[in-house]
**Q** 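Here it is, the structure, as structure tokens.
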Amino acid sequence: MINIIGLGPGNENYITKLGEKLILDSDVLIGGKRNLESINDFKGEKIEMASNLKEILEYINLNSDKQISVIASGDPLIYGIGRYLSKNIDNEKLNIVSGISSLQYIFSKIYVDMNELYITSSHGKVPDFDYILSHKKVCMVTDSKIGPKEISKEIINRKLERTVVVGENLSYDNEKITIGTPEDILNIDKFDMSVVVILDEK
Ligand SMILES: C[S@@+](CC[C@H](N)C(=O)[O-])C[C@H]1O[C@@H](n2cnc3c(N)ncnc32)[C@H](O)[C@@H]1O
């Protein structure tokens with residue numbers, strides 16, 4: 001069985017008990033550098049995953065006798081490796097263990113429900129902001145090119161009134177949550193790794 005395990009937003013206290021148990025029982029752990037480094041007690045083999053997805057897939061298929069766990073930040077099926085692996089590995093051999101997404105985490109911190117939420121990402125694409133901003137409640141995972149400031153500019157360009165929430169380094173000691181108008185966000189110098197919530201509270 002191949003496990004795909006969500007680690008939660010970062011702080012180790014947010015991983016599920018099942019996820020933790022499966023990881024420790026595994027022969028091989030596959031994941032991004034930062035995620036692998038976060039698992040200290042694991043004694044088996046660690047394989048780093050970056051842009052080598054084809055090789056990783058080949059390795060998994062050739063080693064189906066081993067207990068392999070692929071670890072992912074947050075929830076593996078929210079802009080994570082879960083999509084690629086579930087499309088390319090026989091689903092009968094897959095066990096996906098949900099994690100708490102950074103998206104869920106930020107909503108718990110701002111006391112707002114996630115009902116009718118539109119989830120999207122700016123990773124490696126030019127987002128369609130007309131479509132995105134037609135929703136009343138949006139949460140975006142962002143990359144270094146299109147982050148809180150670029151999103152705020154798009155709101156200002158359309159003369160829309162929105163509240164913007166930026167959650168940086170969520171669940172870590174240096175977590176920071178900023179709530180303001182798009183103009184407030186533009187006045188901030190820079191942001192670390194973050195998710196952005198856009199609320200139309202009218
Ligand atoms: C490839 S996506 C993975 C999302 C992940 N699967 C999840 O459910 O949270 C990576 C992006 O998620 C967001 N992210 C993940 N963990 C975060 C955290 N602890 N604090 C802030 N943003 C985070 C950032 O926008 C980051 O660029």
Side-chain angles (χ1 to χ4, degrees), residues 1-12 14-105 118-129 131-132 139-147 150-151 168-172 191-196:
M1 197 48 104
I2 314 299
N3 303 304
I4 307 177
I5 301 171
L7 298 180
N11 181 316
E12 61 182 29
Y14 284 92
I15 188 170
T16 62
K17 281 188 180 174
L18 176 62
E20 192 168 50
K21 182 182 178 321
L22 289 171
I23 287 172
L24 296 179
D25 287 349
S26 298
D27 302 311
V28 182
L29 205 53
I30 299 176
K33 189 167 186 286
R34 188 176 152 135
N35 288 336
L36 286 179
E37 282 169 0
S38 73
I39 311 288
N40 298 317
D41 307 341
F42 180 73
K43 301 279 178 272
E45 186 186 353
K46 286 184 175 179
I47 299 178
E48 194 174 318
M49 179 169 65
S51 54
N52 53 339
L53 291 187
K54 277 210 171 121
E55 286 89 338
I56 295 284
L57 196 59
E58 223 169 81
Y59 177 88
I60 290 174
N61 285 325
L62 288 173
N63 289 276
S64 52
D65 53 321
K66 293 185 181 162
Q67 187 71 19
I68 299 176
S69 289
V70 180
I71 53 174
S73 72
D75 186 278
L77 287 172
I78 300 185
Y79 294 104
I81 191 66
R83 175 183 152 103
Y84 177 79
L85 295 182
S86 57
K87 279 182 188 289
N88 288 288
I89 296 175
D90 178 0
N91 287 184
E92 305 245 306
K93 294 185 184 153
L94 276 187
N95 175 36
I96 304 184
V97 180
S98 308
I100 298 174
S101 172
S102 54
L103 278 70
Q104 287 169 286
Y105 182 95
Y118 177 65
I119 294 174
T120 189
S121 153
S122 65
H123 278 263
K125 64 179 175 198
V126 181
D128 178 350
F129 277 103
Y131 182 68
I132 291 171
C139 190
M140 283 183 91
V141 296
T142 62
D143 66 4
S144 54
K145 285 204 186 106
I146 301 184
E150 291 70 24
I151 294 168
E168 293 170 85
N169 302 312
L170 295 169
S171 82
Y172 292 102
F191 291 95
D192 285 346
M193 170 176 71
S194 57
V195 292
V196 176

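The structure presented is a predicted model; accordingly, all values stated were derived computationally and were not measured.
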**Q** So how far is it from Ile89 CD1 to Leu57 CG, rounded to the nearest 0.5 Å?
**A**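 With rounding to 0.5 Å, CD1 (Ile89) is 5.5 Å from CG (Leu57).
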**Q** With a 4.5 Å limit on heavy-atom distance, are the side chains of Leu7 and Ile23 in contact?
**A** yes
**Q** Listed by chain and number, what are the side-chain hydrogen bond (donor to acceptor under 3.5 Å, both in side chains) partners of Asn61, not counting sequence neighbours?
**A** none
**Q** How long is the gap from CD on Glu168 to OG1 on Thr142, to the nearest 0.5 Å?
**A**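 Interatomic distance, Glu168 CD to Thr142 OG1, rounded to 0.5 Å: 9.5 Å.
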**Q** Do Tyr105 and Val195 come within less than 4.5 Å of each other through their side chains, counting heavy atoms only?
**A**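 No. Closest side-chain heavy atoms not under 4.5 Å.
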**Q** Strictly distance-based, threshold 3.5 Å: is any side-chain N or O of Lys145 a donor or acceptor partner for the main-chain N or O of Ser122?
**A** no
**Q** Could you work out, with side-chain hydrogen bond (donor to acceptor under 3.5 Å, both in side chains) as the rule, every residue matching Lys21, not counting sequence neighbours?
**A**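 For Lys21, the residues satisfying side-chain hydrogen bond (donor to acceptor under 3.5 Å, both in side chains) (neighbours in sequence not counted) are Asp25.
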**Q** For residues Ser69 and Asn3, report the shortest heavy-atom separation together with the two atoms involved.
**A** OG-ND2, 3.1 Å
**Q** Is a side-chain donor or acceptor of Lys93 paired with a backbone partner of Ile2 at a separation under 3.5 angstrom?
**A** no
**Q** Side chains of Thr120 and Pro127, heavy atoms from C-beta outward: is any pair under 4.5 Å?
**A** no
**Q** Looking at Glu48, I want to see if its CD is surrounded by more than 12 non-hydrogen atoms of other residues, nucleotides or ligands under 6.0 Å.
**A**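 Result for CD/Glu48: enclosed.
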**Q** For the residue pair Asn91 and Ser86, establish whether any side-chain heavy-atom pair is separated by less than 4.5 Å.
**A** yes
**Q** Check whether Ser102 reaches the backbone of Gly74 with its side chain - one donor and one acceptor, N or O, closer than 3.5 Å.
**A** no
**Q** Only one of Ile71, Ile81, Ile60 forms a side chain to side chain contact (heavy atoms under 4.5 Å, CB included) with Ile30, so which one is it?
**A** Ile60
**Q** How about Ser64 and Met1: do any of their side-chain heavy atoms sit closer than 4.5 Å?
**A**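 No, their side chains stay 4.5 Å or more apart.
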**Q** Does Glu20 reach the main-chain N or O of Lys17 with its side chain, forming a donor-acceptor pair under 3.5 Å?
**A**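 It does not hold such a pair.
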**Q** What's the separation between atom CG in Asp75 and atom CD1 in Ile5, rounded to the nearest 0.5 Å?
**A**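 CD1 of Ile5 is found 12.0 Å from CG of Asp75.
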**Q** Measure the shortest side-chain to side-chain distance between Tyr118 and Ile132 over non-hydrogen atoms and say whether it is less than 4.5 angstrom.
**A** yes
**Q** Could you pull out the closest heavy-atom pair between His123 and Ser121, with the gap in Å?
**A** N-OG, 2.9 Å
**Q** Answer yes or no: is there a side-chain heavy-atom contact under 4.5 Å between Ile56 and Tyr84?
**A**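 Result no, sub-4.5 Å side-chain heavy-atom pair not found.
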**Q** Supply the atom-to-atom distance Ile68 CD1 to Leu22 CG, rounded to the nearest 0.5 angstrom.
**A** 13.5 Å
**Q** With the side chain counted from C-beta on, respond yes when Gln67 and Val28 share a heavy-atom pair under 4.5 Å apart, and no when they do not.
**A**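 No; the side chains remain at least 4.5 Å from each other.
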**Q** Looking only at heavy atoms, which two atoms of Gly10 and Tyr172 are closest? And how far apart?
**A** CA-OH, 3.3 Å
**Q** Distance check, rounded to the nearest 0.5 Å: Asp41 atom CG versus Glu12 atom CD?
**A** 8.0 Å
**Q** Give, for atom CD1 of Ile4 and atom CZ of Arg83, the distance between the pair rounded to the nearest 0.5 Å.
**A** 13.0 Å
**Q** Does Thr16 use its side chain to pair, donor to acceptor, with the backbone of Gly19 at less than 3.5 Å?
**A** yes
**Q** Is there a donor-acceptor pair closer than 3.5 Å between any side-chain N or O of Asn63 and the backbone N or O of Lys66?
**A**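 Checked: no pair found.
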**Q** Would Phe191 and Asn169 count as a side-chain contact (heavy atoms from CB on, under 4.5 Å) if you check the C-alpha gap in whole Å, the side-chain angles of each, and the deciding distance to 0.1 Å?
**A** CA-CA 10 Å; Phe191 291 95; Asn169 302 312; over 6 Å; no
**Q** Could you tell me whether the side chain of Ser26 and the main chain of Leu24 form a donor-acceptor pair under 3.5 Å?
**A**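 Judged by distance alone, no pair lies under 3.5 Å.
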**Q** Ignoring hydrogens, what is the shortest heavy-atom contact between Pro76 and Gly99? Give both atom names and the distance.
**A** CD-N, 4.0 Å
**Q** Indicate yes or no: does Lys33 engage Glu37 in a salt bridge with an N to O separation below 4.0 Å.
**A** yes
**Q** Might you work through the side-chain contact (heavy atoms from CB on, under 4.5 Å) test for Leu29 and Ile47, ending with a clear yes or no?
**A** CA-CA 6 Å; Leu29 205 53; Ile47 299 178; over 6 Å; no
**Q** Any donor and acceptor pair, going by atom type alone, linking the side chain of Asp27 with main-chain N or O of Glu45 inside 3.5 Å?
**A** no
**Q** Which residues satisfy the side chain to side chain contact (heavy atoms under 4.5 Å, CB included) test with Gln104, sequence neighbours excluded?
**A**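 Gln104 satisfies side chain to side chain contact (heavy atoms under 4.5 Å, CB included) with Ile100, Ser101, Met114 only.
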**Q** Are more than 12 heavy atoms, taken from residues, nucleotides or ligands other than Lys125, located less than 6.0 Å from that residue's NZ atom?
**A** yes
